[in-house]
Amino acid sequence: MISHLDLDAFFAAVEELEDPSLRGKPLVVGGDPRSRGVVATANYAARHYGIRSAMSSAEALRRCPGVIFVPPHMSLYVEYSHAVWQAVREIIPVVEQVGIDEGYLDLASVDPDPRQARALAEAVQAAVRAATSLSCSLGVASCKVVAKVASDRRKPGGLTVVPPGREAAFLAPLDVRTLPGIGPRAEERLRAAGVDTVGALASLDGATLGALIGGKLGLMLRDRARGIDPRPLETSVERISIGHEETFERDVSDRETLYAELQRMAARVAARLAVRGDAARTVTTKVRYQDFSIRSRSVTLAAGIDTADEIAGHACALLDRALSDRPGALRLVGVSVSSLEPFRQLPLG
DNA sequence: TCTGGGGTCCTTTATCGG
DNA sequence: TCTGCCGATAAAGGACCC
């Protein structure tokens, strides 16, 4: 059995622990409502007003004029996260961490008997609370997708166990959007075709599926909808790309300003490459226009590079290409590197 | 003055060498 | 020589997730 663990309103919960005067008041961790900020996490008091993650901070303020805004303190959350996962691993050593606030636990590695799964999950929940005072929700099932959906059923602080054999029946009545992999676009198309529940998705034929979502992806999501998910736990994943991007407070069209921004971001990317001792063969520049559309241009080099100047040089040339293909003021620029490889010094002699 | 920043993965299209 | 096809790889875009 697998368990999916999800920390409840993680960023907001940490802020409440650090400053008890915030507790119970509507709280948003995220960007400034007076500029282009969005909500990263809202605590449950704020959610009561309809405030949700990814909502613009300005909209959040409109829904609850008394809401308190706190900017994100990522390094603090990383510390708490370390403490959480350390506590988890003391009970379940085999885990796959997915991002800062969730992950999968291989309960079977401790006890293969499915009847012991609930007790193990309860022990994990208690250990997290004891170590950090944080609350988390857990889902327990035979595969990842069902465990993940289950962890979301009884938030906050919940534990939902789906016995083996009950996967499809558990998923069937749920809203189709609750299935991971169904985003806004797929949801819209499915609803237009009258598919509103996971169960309805599970019973679609291949042709309909192909027309609505696309062949390969459609078949995979239908399997998931049936509670079939062969993905194993990935206990170590290496990073594929490193990037930085920033939205300007006001749209920018001045080329020199954009170059300067790219240079700054290239320096940050280079610093992160250096920490890992890696070089990169691909540089990508991304721009976002006033109408929110995104364009990217990339080059792949014969040999890896790792200095800020080299990355910035390519990034600026790519920016020129993007802007000559489609001129216009930009609300965002970003630079990222991929095709990472270990940087090797030339062998001596 | 709606709409962040960090990513991953998949699909389509272009290009190039047999 | 021309054309078509095949496979590999890059590039670009789009959807999705936390």
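Lettering of chains follows the sequences in order, A, B, ..., and the numbering in each one begins at 1. This is a predicted model, so every value here is computed, not measured.
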Which residue lies more 5' along DNA chain B, comparing A:K286 with A:A58 via nearest heavy atoms:
A:A58
Within this structure, what is the CZ-to-C1' distance between A:R331 and B:dG4, rounded to whole angstrom?
9 Å
A:K216 atom NZ is separated from B:dT11 atom P, nearest whole Å, by 5 Å
Distance-only donor-acceptor hits, side chain of residues 126-133 of chain A, under 3.5 Å, sequence neighbours excluded:
from   : atom 1 : to     : atom 2 : distance (Å)
A:T132 : OG1    : A:V128 : O      : 2.7
A:T132 : OG1    : A:L134 : N      : 3.1

Could you tell me whether A:R239 and A:D278 make a salt bridge, using a distance below 4.0 angstrom between a side-chain N and a carboxylate O?
no
For the pair made of CE in A:M74 and P in B:dG4, what is the distance, rounded to whole Å?
17 Å
Evaluate A:E246 against A:R264 for salt bridge (charged side-chain N to carboxylate O under 4.0 Å, His left out), listing each step before the verdict.
CA-CA 11 Å; A:E246 266 174 53; A:R264 254 190 344 106; 3.0 Å; yes
Pairs flagged by salt bridge (Lys or Arg N to Asp or Glu O under 4.0 Å) wherever residues 98-114 of chain A is involved - sequence neighbours left out
A:E102-A:K148, A:D113-A:R115
Any donor-acceptor pair under 3.5 Å linking the side-chain atoms of A:D309 with those of A:T307?
no
Per-nt protein contacts along nucleotides 11-18 of chain C (heavy atom under 4.0 Å; B base, S backbone sugar-phosphate only, - none) come out as SSS-SSSS
C1'-based separation of B:dC16 from C:dT3 [nearest Å]:
16 Å
Which whole-number value in Å describes the distance from A:R52 CZ to B:dG4 C1'?
19 Å
Whole-Å distance between B:dG4 P and A:F248 CZ?
13 Å
Classify the nucleic acid contact of A:G243 as base, sugar-phosphate or nothing, counting any heavy atom under 4.0 Å across all strands shown.
sugar-phosphate
Return the value, rounded to whole Å, for the distance between atom CZ of A:R281 and atom P of C:dA10.
6 Å
Lys/Arg-Asp/Glu bridge criterion (N-O < 4.0 Å) met for A:R276, A:D306:
no
Sorted by number, residues from residues 34-51 of chain A placing a heavy atom under 4.0 Å from DNA chain B are A:S35, A:R36, A:V38
Taking the six-membered ring of A:F248 as reference, does the NZ or CZ atom of A:R250 fall below 6.0 Å from its centre and within a 45° cone about the axis?
no
Residues passing the side-chain contact (heavy atoms from CB on, under 4.5 Å) test with A:P71, sequence neighbours excluded, are A:H73
Can you measure A:L217 atom CG to B:dT11 atom P for me and round it to whole angstrom units?
7 Å
Looking at every strand, decide which applies to A:E245 at a 4.0 Å heavy-atom threshold: base, sugar-phosphate, or nothing.
base
Basic-acidic side-chain contact under 4.0 Å: A:D320, A:R255
yes
Can you see if the side chain of A:H244 gets near the phosphate of B:dG5 - specifically, an N or O under 4.0 Å from OP1 or OP2?
no
Distance between the C1' atoms of B:dG17 and C:dG4, in whole angstroms?
14 Å
Could you note down all residue pairs passing ring-ring contact (aromatic ring centres under 6.0 Å, His included) where residues 182-224 of chain A supplies at least one of them, sequence neighbours left out?
none
When rounded to whole Å, the CZ to C1' distance for the pair A:R250 and B:dC2 reads 17 Å
Could you say whether A:S336 or A:Q290 is positioned toward the 5' end of DNA chain B, judged by the nucleotide with the nearest heavy atom to each?
A:Q290
